[in-house]
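Comments concern the structure below.
No experiment lies behind these values; they were computed from the predicted model shown.
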Amino acid sequence: MGVVDDGGAPVILAEDAGDLLARRHAAASRPKRPGRPRTVHSVRTLVLRLVRENPGWGYRRLHGELLVLRVKVTASAVWEILQEASIGPAPERASSTWTDFLRPQADTLLTSNFFETVTLSGARIHVFAVIEHANRRIRILDATTHPTSAWVAQAAKNLTMDLEDVGRRARYLITDWDGKFPDLLDAVLADAGHEVALSGVQMPRMNSLMEQWVHTCRRELLDRTLIWNHRHLLHALREFEQFYNTHRPPQGIANARPLHALPTPIDDPEQISRLNIRRRDRLDGILHEYQHAA
């Protein structure tokens, strides 16, 4: 630093004083935290609320729920929020080559399956469900304690009529080798222009989409519900069917809901900073839906 002698006391030169002030201003203006700015506090609070009320949701499931709420935030930002709160995200599911093969054929494919559940009285009930590959729409066809050939054929007829009503023209219905699928099912579907395609023996990935949905139904509904009887089971399944098709965002189709596209994200910073999210409960709080307050 340059100085001059003024009667024995050092004096700072004017140009050095200007540099000193500039350096002090730069140091005071430097961001305390490098990198991109932190996520808005209200969004962070909402993420932690969602994961607290839904412990089984991973960061991708949380990201999808935020998009449904029109809160534009990246999946990595959600992951960072969970990490900072010491909440580990759920592991991602590995993709398969069979899935990659099915994707171009999605518009023409349906997948069906039976799954079982047990009531409090010990009765074993078989549920017949179908899912559309293109949009992940689920259809609970029916449930019974005795899945006879005639019952399965009637459920298939109801399915073909429902597809015609909505203008859906699927070509193939994937089933497994379960003995509950009789030859009569092939005939009913053939009359409607559909063809049955059997999955490989002991190859669950060929019917993975349906298997994943059954796993979701068990984890989010059946494992958390005491089923009293056949009527109660159908009521719970119909509620879950509507919840899944109209609100829950499947990750396999970029979080677009089966019956509704994702809404336009909120761009107004004022709206983002004052989020007022209300929760709607289904089945006495087993299922949660989140919406903006009116």
Side-chain angles (χ1 to χ4, degrees), residues 109-133 136-166 168 170-245 248 258 282-284 286-287:
L109 292 178
L110 301 173
T111 299
S112 64
N113 203 354
F114 279 91
F115 65 96
E116 298 180 354
T117 189
V118 180
T119 67
L120 287 175
S121 63
R124 189 173 299 274
I125 301 180
H126 305 265
V127 182
F128 189 15
V130 171
I131 194 169
E132 300 181 21
H133 273 250
R136 302 299 197 270
R137 177 175 180 174
I138 190 68
R139 298 175 187 272
I140 306 296
L141 300 184
D142 207 346
T144 182
T145 55
H146 301 289
T148 63
S149 297
W151 181 87
V152 174
Q154 184 59 51
K157 290 179 181 178
N158 296 339
L159 170 64
T160 57
M161 288 188 293
D162 289 343
L163 294 175
E164 290 178 0
D165 290 342
V166 297
R168 185 80 168 85
R171 182 177 179 184
Y172 298 103
L173 175 68
I174 298 177
T175 66
D176 55 25
W177 292 80
D178 195 326
K180 302 182 188 68
F181 294 109
D183 295 337
L184 183 58
L185 174 66
D186 298 12
V188 170
L189 294 175
D191 290 341
H194 308 297
E195 182 178 345
V196 173
L198 294 175
S199 61
V201 178
Q202 295 183 349
M203 298 179 65
R205 282 192 176 275
M206 294 188 69
N207 202 4
S208 59
L209 193 62
M210 193 71 219
E211 296 291 342
Q212 289 175 5
W213 181 85
V214 172
H215 178 71
T216 299
C217 182
R218 291 192 186 281
R219 184 182 69 251
E220 298 187 8
L221 176 68
L222 297 178
D223 291 348
R224 304 171 60 194
T225 309
L226 297 176
I227 301 299
W228 294 94
N229 50 36
H230 177 269
R231 180 179 179 182
H232 180 215
L233 173 63
L234 278 180
H235 169 70
L237 288 174
R238 298 300 184 199
E239 282 287 319
F240 187 74
E241 176 184 11
Q242 186 177 9
F243 167 77
Y244 190 91
N245 290 335
R248 191 186 189 282
R282 286 181 178 268
L283 295 174
D284 295 327
I286 294 176
L287 303 175

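- For Ser149, the side-chain contact (heavy atoms from CB on, under 4.5 Å) criterion is met by Pro182, not counting sequence neighbours.
- Across Val130 and Ile138, no two heavy atoms sit closer than the pair O-CD1, 3.3 Å.
- The two residues Thr225 and Ile286 come nearest to each other via the heavy atoms OG1-CD1, 3.3 Å.
- Applying the side-chain contact (heavy atoms from CB on, under 4.5 Å) test to Leu120 and every residue at least two apart in sequence or in another chain returns Leu226, Trp228.
- The aromatic rings of His235 and His232 sit parallel, their planes meeting at an angle under 30°, below the 60° perpendicular limit.
- Contact of the Leu222 side chain with the Phe115 side chain is registered, since non-hydrogen atoms from C-beta on lie closer than 4.5 Å.
- Under the 4.5 Å side-chain criterion, counting only non-hydrogen atoms from C-beta, Arg248 is in contact with Thr216.
- Across all non-hydrogen atoms, the minimal contact from Leu209 to Glu132 is CD2-O, 4.4 Å.
- Screening residues 155-165 for side-chain hydrogen bond (donor to acceptor under 3.5 Å, both in side chains), with sequence neighbours left out, gives Gln154-Asn158.
- In this structure Ala153 satisfies the side-chain contact (heavy atoms from CB on, under 4.5 Å) test together with Leu184, Val188, sequence neighbours excluded.
- Within the 4.5 Å cutoff, side-chain heavy atoms of Glu220 are placed close to those of Phe240.
- Distance CG/Leu109 to CG/Leu173: 9.5 Å, rounded to 0.5 Å.
- Residues meeting the side-chain hydrogen bond (donor to acceptor under 3.5 Å, both in side chains) test with Arg137, sequence neighbours left out: none.
- Contact between Thr175 and Ser112 at its shortest, heavy atoms only, is CG2-OG, 3.0 Å.
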Quick one: do Asp142 and Leu234 satisfy side-chain contact (heavy atoms from CB on, under 4.5 Å)? Show the steps, please. CA-CA 8 Å; Asp142 207 346; Leu234 278 180; 4.1 Å; yes
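- Scanning for salt bridge (charged side-chain N to carboxylate O under 4.0 Å, His left out) contacts around Arg231 gives an empty result, with sequence neighbours left out.
- For Phe128, the ring-ring contact (aromatic ring centres under 6.0 Å, His included) partners at least two apart in sequence or on another chain are Phe114, Phe181.
- Remark: Asp284 CG is loosely packed, at most 12 non-hydrogen atoms of other residues, nucleotides or ligands lying under 6.0 Å away.
- In this structure, CG in Leu233 is found 9.0 Å from CD1 in Ile140, a value given to the nearest 0.5 Å.
- When all heavy atoms of Leu221 and Ala236 are compared, the closest pair comes out as CD2-O, 3.7 Å.
- Under the side-chain hydrogen bond (donor to acceptor under 3.5 Å, both in side chains) criterion, Asn113 pairs with Glu211, sequence neighbours left out.
- Qualifying salt bridge (charged side-chain N to carboxylate O under 4.0 Å, His left out) partners for Arg224, counting only residues two or more places apart in sequence or in other chains: none.
- Qualifying salt bridge (charged side-chain N to carboxylate O under 4.0 Å, His left out) partners for Glu195, counting only residues two or more places apart in sequence or in other chains: none.
- Scanning all heavy atoms of the two residues, the minimum distance from Tyr244 to Pro258 falls at O-CD, 3.4 Å.
- With sequence neighbours excluded, the residues that form a side-chain hydrogen bond (donor to acceptor under 3.5 Å, both in side chains) with His126 are Glu116.
- With sequence neighbours left out, the side-chain hydrogen bond (donor to acceptor under 3.5 Å, both in side chains) criterion links Ser121 to Thr119.
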